[in-house]
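To start, the structure under review is shown below, and the notes come after it.
The figures here come from the full heavy-atom set of this structure, side chains too, leaving out hydrogens, waters and symmetry mates.
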Amino acid sequence: MILISFAGPKVNPKAFEIDSEMFKVKPQTTVLIVITLLIIAALYVKFYSLYFYSCCLS
């Protein structure tokens, strides 16, 4: 199997060509992602602490 794979570079015409430019994001997008994650984390902390104090400390 290894010898067959090294026998020659066969290019599949149906294969996708991946370019690093496809994965670039704008700085505005990064800022929106960070803000969204911070909001989700804040909601998690708020509601987890409500659950923890009402359930486990009584």
Ignoring hydrogens, what is the shortest heavy-atom contact between E17 and M22? Give both atom names and the distance.
O-SD, 3.9 Å

Please answer: with hydrophobic residues joined when any side-chain heavy atoms are less than 4.5 Å apart, are F47 and I39 in the same cluster?
yes

Do L43 and I35 sit in the same hydrophobic cluster, where Ile, Leu, Val, Met, Phe, Trp and Tyr count as joined when their side-chain heavy atoms come under 4.5 Å apart?
yes

Check whether T29 reaches the backbone of V25 with its side chain - one donor and one acceptor, N or O, closer than 3.5 Å.
no

Quick check: do Y44 and I40 have side-chain heavy atoms less than 4.5 Å from each other?
no

Partner of V34 by side chain to side chain contact (heavy atoms under 4.5 Å, CB included), out of T36, V31, L38
L38

